[in-house]
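Structure first, then comments.
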Amino acid sequence: MTVRTRFAPSPTGYMHIGGMRTALFNWLWARRNGGQFILRIDDTDQARNLDTALAPILSAFRWLGLNWDEGPEVGGPCGPYFQSQRNEFYRTAAEKLLAEGKAYKCFETTEQIQADRTAAEREQRQYVNIRRSLELTAAQIADLEAQGREPVIRFLVPRDQKVVFDDAVRGVVEFDAGLISDPVIVRANGMPLYNFATVVDDAAFRISDVIRAEEHLSNTPIQFLLHEALGSTIPRFAHIPYVAAPGSKEKLSKRKLEAYRKNPQFKRMFERAEAVFPRIGLDREGGLDPVMVEYYEKIGYLPDAVVNALSRIGWSLDDKTEIMSRETIVSNFSLDRVVKKPAGLDPDKLDSFQTHWMGQLSPADKLAGSLPYLTAAGLISDPPSDRERELAGKVVAAMGDRIKVFSDVLDADYFFQDQIQYDEKALQKRVARDDVPRLLRIFAPRLEALEAWHAAAIEAELHRFCEDQGIANGLMIHALRISTTGSAAGPGVFDCLELVGRDRCLARIEAALRLVERD
RNA sequence: GCCCCCAUCGUCUAGAGGCCCAGGACGUCGGAUUCUCAGUCCGAAAACAGGGGUUCAAAUCCCCUUGGGGGUACCA
C-alpha cells in the first residue's frame, strides 16, 4: 500500500512551530516511503479571510522545502483540498449513516445536556449523553421539525465495544466505547465537525498513516469507530508527542507567549527580534515570535538547520548522530524511533545546528542570504550597486562564522555607514588609557602615508610602528579597532581597517580622539 | 471527577534483562589557540522520580505511589 500522509492546517495566519514539526514528520514518512504528502485545509469554521490566512502557512512550507504532492495551488486527484468546499461529501456520508441507523438526529436542548452533565459530575462519573431522541417516534420528529427545531446529527457510538488499535508510537491503546459520548458529527447549521470531516476526508484521500500530535489520541476511538461505520479502510495511527514549552512539559502555545519571555533562552530570541525586526522594517505584530516558523525565516535561519532541529524533537537516528542533512533524515526517518514523551524546542541546540549548516554554505550563498538584510536596513541600495555588492562580499567573508544567522550581518553596519556609534565602555578601556591617544596621533599620519591600503600592508606598518615605539601590538590593535569601528568585537582588525577604508579610518580615529580628549 | 498517555544528566536523547558503577549532543564550567569577538581543540561536573515485586541478573518486565501532561465542545 502506498504511504499517503497529510497535514491539515487551519488557516489562522502564521504557522506554529509545533504544527510544523508534526507536518515535518508526515512529510518525512511519506518521502521515506516514496509516498505522497498531502496538504488539506481544515477551514470548517469558515469566517476569516482565507487568502491572507493561508498564504503565510504555505509560504512557511515552501521556505522549509516541505513540498506537497496534493493540496492548495497544486491540486490533485482527490480535490477539492479545502474542507469548506467538500460539504457534499460530508452530507452524503452523514445521510448514509443516518439511513443505516448508525447516526441519529438529536433534538436535545443545550439546557438538558447541561443538566445531564452536571448530574454526572455530581455522581463522579464520566458524562455520556442520554439518547432521548432515539425514543422519538417519526410523528414526534416531524412535529419538532415543523416547529422549526433544528437537530444536530450524532454518531451512534456502539457502546458495547472496546476500541483497540495499534498506534505506531504508543503501541496498543485501548478505549472503552461505553464511556464515549455520541459525538455531534453535523452541526445544526449543517456544517460538519472536525472528527467527522477528518474521517470522511482521510478515507477519500486514501490516507494510509495519520501522524498527528498526541492531543488527538482521545479522538482516535471516535474516528476509528466512524471509519468502521462508514466501511472505509482504517489508517494506521501514530501519535507523536507535542512540542513542549520551554522549561515545562506543557504544550507550546502562542497564547502563553508572555510567560515564555521569562525563560532565559527564549528571552534571548525575543531580544533578538526586538533588535533586528525594527531595523529591517518589520514590526513585531503579526506573530513574528519564536513560536512561529516565520520568526526563524525572518531572523535569517537556514531551512536545513530548522529541519534538523525539528527532526530531533522526539526522534533520533541513533545514539550519536545529531547533525543530519535533509537527505540523511529522509532516508533514516522511522516512526518506531519516535519517543513518547513531550520535548521542548531547545533554542541553544537550534543555534548549534544553525552554526554548523551556516558553515557549510558557499561564500556566494552566504552573501545572497545576507544581502536582503543590508538592503532592508538601508545600509546599501536596493538593488545593490556592483561596488556595494563587492563590499558586502568582502564584509561577509571577513565576518566569517560571526554571521550565525543572516541578520547578524547587521552587526557589521559600520562598514557601510559613515556615522558610527562608539561603544563607550570599550572606548574608555582601550583608547582613553595610558599613552594611547598620543600614539594614535603619531600613527594616523603613517596610515595616511601608506602606499597601498590593504590588510597586509597595514599590519606590516603597525608592527614596524610598535617596534619603533617599544610597545605591545595589542595596545594599538585594540585602540584601532574601537576607534575605527566603534565596536569591541568583530573581524580581524586589519581586515576591518581595509574594509572601512582609509579616509573613513582617519576620520574615525580623529573623532574617537576628540571624544576621549574632551573628557 | 472520569478516560487516556508519559517519566534517564539543566535540555534533546541512546538504552527494548547481563555489553551500563548508564553512551552522545547542546548548554555550563575549566584549559589551549588568538588583536577582540566568533570559531576550533582538549578536559570536567552532571541523570535511571520513589517503593515493592519477578529474575542468578533490571534503567530495561509487572504492581503501587508520586509527579507531569492530554482529553472530556454544535474548537481543531
Side-chain angles (χ1 to χ4, degrees), chain A residues 8-10 12 19 42-45 83 106 110 113 117 120-128 150-154 167 170-171 173-176 179-181 183-195 197-198 212-221 239 241-242 244 246-251 264-265 309 312-323 336-337 339-353 355 359 399-404 408 411 426 430 459 462 472-482 485 487-494 496:
Chain A
S10 287
T12 53
D42 277 16
D43 53 350
T44 47
D45 46 275
Q83 290 196 324
C106 173
T110 44
I113 289 170
R117 193 181 307 252
E121 264 167 40
R122 213 170 25 235
E123 289 164 43
Q124 303 205 329
R125 46 159 240 267
Q126 166 92 325
Y127 162 76
V128 182
E150 289 179 326
V152 297
I153 301 176
R154 284 186 192 272
D167 189 279
R170 313 265 145 192
V173 185
E174 188 178 311
F175 286 87
D176 182 355
L179 264 18
I180 300 174
S181 216
V184 174
I185 56 177
V186 179
R187 292 181 172 98
N189 69 6
M191 292 300 289
L193 250 16
Y194 165 75
N195 269 138
T198 296
R212 65 201 346 180
E214 68 167 293
E215 66 252 34
H216 288 286
L217 189 57
S218 49
N219 284 326
T220 307
H239 288 91
Y242 56 80
S248 84
K249 291 275 175 270
E250 264 175 77
K251 193 165 66 168
Q265 296 171 350
R312 287 288 292 105
I313 301 180
W315 178 79
S316 63
L317 194 165
D318 56 25
D319 60 338
K320 297 223 159 56
T321 316
E322 294 280 342
I323 305 264
D336 53 18
R337 288 194 63 84
V339 300
K340 300 183 180 77
K341 104 178 149 165
L345 170 72
D346 182 350
D348 285 332
K349 200 136 188 177
L350 202 214
D351 280 353
S352 85
F353 288 128
T355 302
M399 288 288 281
D401 44 34
R402 273 162 281 247
I403 298 179
K404 293 189 174 135
D408 284 341
D411 291 343
R430 300 296 197 183
E459 181 168 9
L462 183 101
N473 290 339
L475 198 65
M476 288 302 284
I477 280 171
H478 289 120
L480 280 171
R481 168 186 303 285
I482 311 301
T485 68
S487 168
V493 73
F494 304 109
C496 284

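The figures that follow rest on heavy atoms only: side chains count, while hydrogens, waters and symmetry mates do not. Below, chain A is the first sequence line, B the second, and so on; all start at residue 1.
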Taking the [atom1] atom in each of [N] and [M], what is the distance between them to the nearest angstrom?
N: B:rC48; M: B:rG43; atom1: C1'; answer: 25 Å
N: B:rA46; M: B:rG10; atom1: C1'; answer: 9 Å
N: B:rA16; M: B:rA58; atom1: P; answer: 16 Å
N: B:rC9; M: B:rA25; atom1: C1'; answer: 12 Å
N: B:rC12; M: B:rA49; atom1: P; answer: 14 Å
N: B:rC41; M: B:rG24; atom1: P; answer: 16 Å

Got A:Arg170 and A:Glu214 here, is their nearest side-chain heavy-atom distance under 4.5 Å? yes
When both hydrogen-bonding distances must be under 3.5 Å and the geometry is Watson-Crick or G-U wobble, what is [N] paired with, if anything?
N: B:rA14; answer: none
N: B:rG67; answer: B:rC6
N: B:rA44; answer: B:rU28
N: B:rC20; answer: none
N: B:rA59; answer: none
N: B:rG1; answer: B:rU72

Only counting residues at least two apart or in another chain, list the ones meeting side chain to side chain donor-acceptor pair (under 3.5 Å) with A:Asp351.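 A:Asp351 satisfies side chain to side chain donor-acceptor pair (under 3.5 Å) with A:Arg268, A:Tyr301 once adjacent residues are dropped.
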A:Phe494 side-chain proximity, nearest of B:rC74, B:rC35, B:rG70: B:rC35
From B:rG27, B:rG70, B:rG24, pick the nucleotide closest to the side chain of A:Glu215?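 Comparing B:rG27, B:rG70, B:rG24 against the side chain of A:Glu215, the answer is B:rG70.
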I'd like to check the salt bridge (Lys or Arg N to Asp or Glu O under 4.0 Å) partners of [X]; sequence neighbours left out, ordered by chain and number.
X: A:Glu250; value: A:Lys256
X: A:Asp411; value: none
X: A:Glu150; value: none

For a quick check, with a 4.0 angstrom heavy-atom cut-off, what is the B/S/- contact string for nucleotides 37-50 of chain B, read 5' to 3'? BBS-----------
So if I define the base as every atom that isn't primed, P, OP1 or OP2, how would nucleotides 1-13 of chain B read as a B/S/- string at a heavy-atom cutoff under 4.0 Å? BBSSSSSS--BBS
By side-chain contact (heavy atoms from CB on, under 4.5 Å), which residues pair with [X], not counting sequence neighbours?
X: A:Ile113; result: A:Glu108, A:Arg117, A:Tyr127, A:Arg154
X: A:Leu193; result: A:Val184, A:Arg187
X: A:Gln124; result: none

Would you kindly check whether a donor in the side chain of A:Asn219 faces an acceptor in the base of B:rA76, or vice versa, at under 3.5 angstrom? yes
